[in-house]
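Treat the numbers as computed from the prediction; the structure is a model and nothing was measured.
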Amino acid sequence: METPAAPDRIDTLDTLRGLMALAVASYHLSIWTHLFEAGTRRNDVLACLGNYGVEGFFILSGFCFFHIYRETRWSAPALARFHIKRFLRIAPLYFLVVLLNLLLRQPVGPSVTPRMLVENFSLTFGLFHPNHAMVLGGWSIGIEYVFYFAFPLLALLARRRLLLYVLFAALVAWSLPWSFGKVQAATLVGDQKFHTYVQIPNHAFLFLAGGIAAHWRSLTQRRLPWQGFLLLLVPLCVLGLQQIPHFYDHFDVLAGGVRYRLLGICGLAVLLFAFVRMPRHRSLRPLTLIGDWSYASYLLHPLAYFLVTHLLPGSIAAWPKVLLSLAATLALAAIVHRWVERPAMALGRHLASRIGPAEPRG
């Protein structure tokens with residue numbers, strides 16, 4: 001979920017990523033605690049925010065990578081630097097959560113076999129099936145890492161802007177049979193719908209959508225003041241809410257035309273947050289921290305819920321359980337970001353600098 005940062009918009013896009021992570025966590029917690037009844041408007045909205053928060057990660061990731069690395073010359077040293085930094089950004093926390101799941105005997109993902117362990121500890125499981133992840137929500141990390149493998153080539157091809165749009169159109173076409181056929185036709189038995197939904201062809205175009213957004217941003221130096229940003233954010237939220245239909249099965253809004261409409265809202269949100277120039281101020285520090293903790297929040301909220309449910313009485317109501325779990329998620333994320341993620345990123349930058357001149361920091 002992590003993406004490189006640019007100095008002129010680090011606060012806003014980090015905040016967007018953090019809000020998406022919290023939306024995913026809130027969605028999962030609402031399911032586990034039966035917070036809202038299926039079919040209620042609150043359940044509809046939260047389900048869409050959670051599911052499309054993950055889709056938004058992909059668009060945001062594509063935007064940031066195509067923006068930051070647009071001028072990179074992909075020599076052998078540059079490739080080595082890129083992959084060292086990406087691995088040390090994603091792997092340490094992911095490995096920690098896999099180990100904690102095994103230690104706590106959490107039933108996440110496939111059965112523990114030598115093959116699954118090798119796939120997870122090499123971060124190659126996305127090449128085989130994203131649901132080979134041994135972490136809740138890890139399917140998106142599998143897809144993200146496949147994007148890392150492909151990105152240098154995509155970045156080279158995208159320098160011809162027309163080719164970027166052609167590739168995007170081709171990947172959208174690749175997704176259509178999945179969104180308008182395979183996902184809808186799959187059965188709920190054995191989680192086949194979910195196994196079908198998470199396949200790479202159903203999501204690959206989102207990274208290129210981010211690349212197109214990065215291209216649009218590069219066409220002008222004009223940026224929105226924060227007042228204009230807020231004026232546009234309100235109607236965008238209203239538009240997004242209007243696009244959410246009434247449903248009972250969550251897959252009803254993860255396939256078909258409604259999926260592409262909601263993805264369009266996600267793309268507009270990324271663009272809006274990318275174009276704003278938010279002044280740095282101490283009052284915005286909490287929003288920046290939410291962004292810094294986004295990856296840890298995404299991976300650790302199931303473990304936070306595990307701790308809350310085992311340390312508190314079983315009779316606790318749903319709302320207090322959700323709020324305590326979110327608080328525990330942020331507390332764990334702060335600790336892990338300080339003592340795992342930041343040292344790992346520093347090590348990645350150090351090792352990359354030994355290969356040659358430093359690339360943009362991520």
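Applying the side chain to side chain donor-acceptor pair (under 3.5 Å) test between R259 and each of D252, N202, N51 identifies N202 as the sole match. With respect to V98, the side-chain contact (heavy atoms from CB on, under 4.5 Å) criterion is satisfied by exactly one of V135, L299, V112, L103: V135.
A heavy-atom distance below 4.5 Å is found between the side chains of Y295 and I141. Side-chain contact between I265 and R261 is absent, with no heavy atoms from C-beta onward closer than 4.5 Å. For the pair M134 and L102, the minimum side-chain heavy-atom distance is below 4.5 Å. Side-chain contact between V276 and L233 is absent, with no heavy-atom pair separated by less than 4.5 Å. Residues F36 and D44 have side chains not in contact (no heavy-atom distance under 4.5 Å, counting atoms from C-beta outward). Proximity of I355 to I84: side-chain heavy atoms (C-beta onward) are separated by under 4.5 Å at one or more points. You'll find the side chain of N43 stays beyond 4.5 Å of the side chain of E37, heavy atoms only. For the pair V258/P245, a side-chain contact is recorded, criterion being any heavy-atom separation below 4.5 Å from C-beta on.
The backbone N or O of A333 sits nowhere less than 3.5 Å from a side-chain atom of H337 that would complete a donor-acceptor pair. Listed for the K85 side chain is no donor-acceptor partner under 3.5 Å among the backbone atoms of R349. At distances below 3.5 Å, not a single donor-acceptor pair connects side-chain atoms of H350 with backbone N or O atoms of A346. Remark: side-chain polar atoms of N131 are not paired, donor with acceptor, to backbone N or O of V198 under 3.5 angstrom. When atom types are taken as modelled, the side chain of H132 and the backbone of E119 share no donor-acceptor pair closer than 3.5 angstrom. No donor-acceptor distance shorter than 3.5 angstrom exists from the side chain of S179 to the backbone of S175, with no hydrogens or angles considered.
When all heavy atoms of R41 and I244 are compared, the pair lying nearest together is NH1-O, 2.9 Å. Summarising the geometry of L93 relative to A296, their closest heavy-atom pair is CD2-CA, 3.5 Å, with the distance given to 0.1 Å. In terms of heavy atoms, Q184 sits closest to A255 at CG-CB, 3.8 Å. Smallest separation of non-hydrogen atoms from V270 and G56: CG2-O, 4.4 Å. Residues A21 and F57 come closest through the heavy atom pair N-CZ, 3.6 Å. Of all non-hydrogen atoms in A304 and S325, the two that sit nearest each other are CB-O, 3.7 Å.
Remark: the H28 side chain and the Y305 side chain contain no N/O donor-acceptor pair separated by less than 3.5 Å. With no hydrogens or angles considered, no side-chain donor-acceptor pair links Y197 and H250 at under 3.5 Å.
Both L164 and L157 belong to a common hydrophobic cluster when Ile, Leu, Val, Met, Phe, Trp and Tyr are linked at side-chain heavy-atom distances under 4.5 angstrom. L136 and L22 are members of different hydrophobic clusters when ILVMFWY side chains are connected at heavy-atom separations under 4.5 Å. Tracing side-chain contacts under 4.5 Å through hydrophobic residues (I, L, V, M, F, W, Y), one never reaches L326 starting from L312; they form parts of separate clusters. V308 and I335 fall into different hydrophobic clusters, defined by Ile, Leu, Val, Met, Phe, Trp and Tyr side-chain heavy atoms under 4.5 Å apart, directly or through other members. When hydrophobic clusters are built by joining Ile, Leu, Val, Met, Phe, Trp and Tyr residues whose side-chain heavy atoms come closer than 4.5 Å, directly or via intermediates, Y260 is grouped together with I59.
Put simply, CG on L262 and SG on C48 are 5.5 Å apart, with the number rounded to the nearest 0.5 Å. How far CG of L19 is from OG1 of T15: 6.5 Å, rounded to the nearest 0.5 Å. M116 contributes atom CE, which lies 10.5 Å from atom CZ of F125 (distance to the nearest 0.5 angstrom). The structure places CD1 of I143 at 11.0 Å from CG of L127, a figure rounded to the nearest 0.5 Å. Atoms OG and CZ, from S61 and F147 in turn, are 5.0 Å apart once rounded to the nearest 0.5 Å. Rounding to the nearest 0.5 Å gives a distance of 10.5 Å between OG1 of T12 and CZ of R17.
Remark: aromatic rings of F275 and W216 are distant, center separation not under 6.0 Å. Taking the six-membered ring wherever Trp is involved, the centroid distance between the rings of Y148 and F65 falls below 6.0 Å. Ring centers of Y52 and Y27: at least 6.0 Å apart, outside the cut-off.
Using cut-offs of 30° and 60° for the angle between ring planes, the W139 and H203 rings count as tilted. The aromatic rings of F58 and F207 sit tilted, their planes meeting at an angle between 30° and 60°. Below 30°, between 30° and 60°, or above 60°: for H67 and F63 the angle between ring planes is below 30°, a parallel geometry.
Taking the ring axis of F128 as reference, the NZ or CZ atom of R115 stays within 45° of it and closer than 6.0 Å to the ring centre.
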Practice task
Apply side chain to side chain contact (heavy atoms under 4.5 Å, CB included) to the pair R86 and F151, showing each step before the final yes or no.
Solution key: CA-CA 12 Å; R86 291 302 96 211; F151 174 71; over 6 Å; no
- Give the intermediate values and the outcome of ring pair (Phe, Tyr, Trp, His ring centres under 6.0 Å) for residues Y145 and Y94. CA-CA 12 Å; Y145 221 87; Y94 183 84; 9.3 Å; no
For V322 and W32: C-alpha separation, side-chain torsions, deciding distance, then whether side chain to side chain contact (heavy atoms under 4.5 Å, CB included) applies.
CA-CA 9 Å; V322 168; W32 299 333; over 6 Å; no
Derivation of the side chain to side chain contact (heavy atoms under 4.5 Å, CB included) call for L13 and C64: CA-CA 9 Å; L13 286 187; C64 291; 4.0 Å; yes
TODO: Show your reasoning for whether side chain to side chain contact (heavy atoms under 4.5 Å, CB included) applies to L16 and M20.
DONE: CA-CA 6 Å; L16 178 60; M20 289 174 175; 3.7 Å; yes
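When the side chain to side chain contact (heavy atoms under 4.5 Å, CB included) test is applied to F95, the partners found at least two apart in sequence or on another chain are F87, A91, F121, L123.
Counting non-hydrogen atoms of other residues, nucleotides and ligands closer than 6.0 Å to CZ of R70 gives a total above 12. Around atom CD of Q227, more than 12 heavy atoms belonging to other residues, nucleotides or ligands sit under 6.0 Å away.
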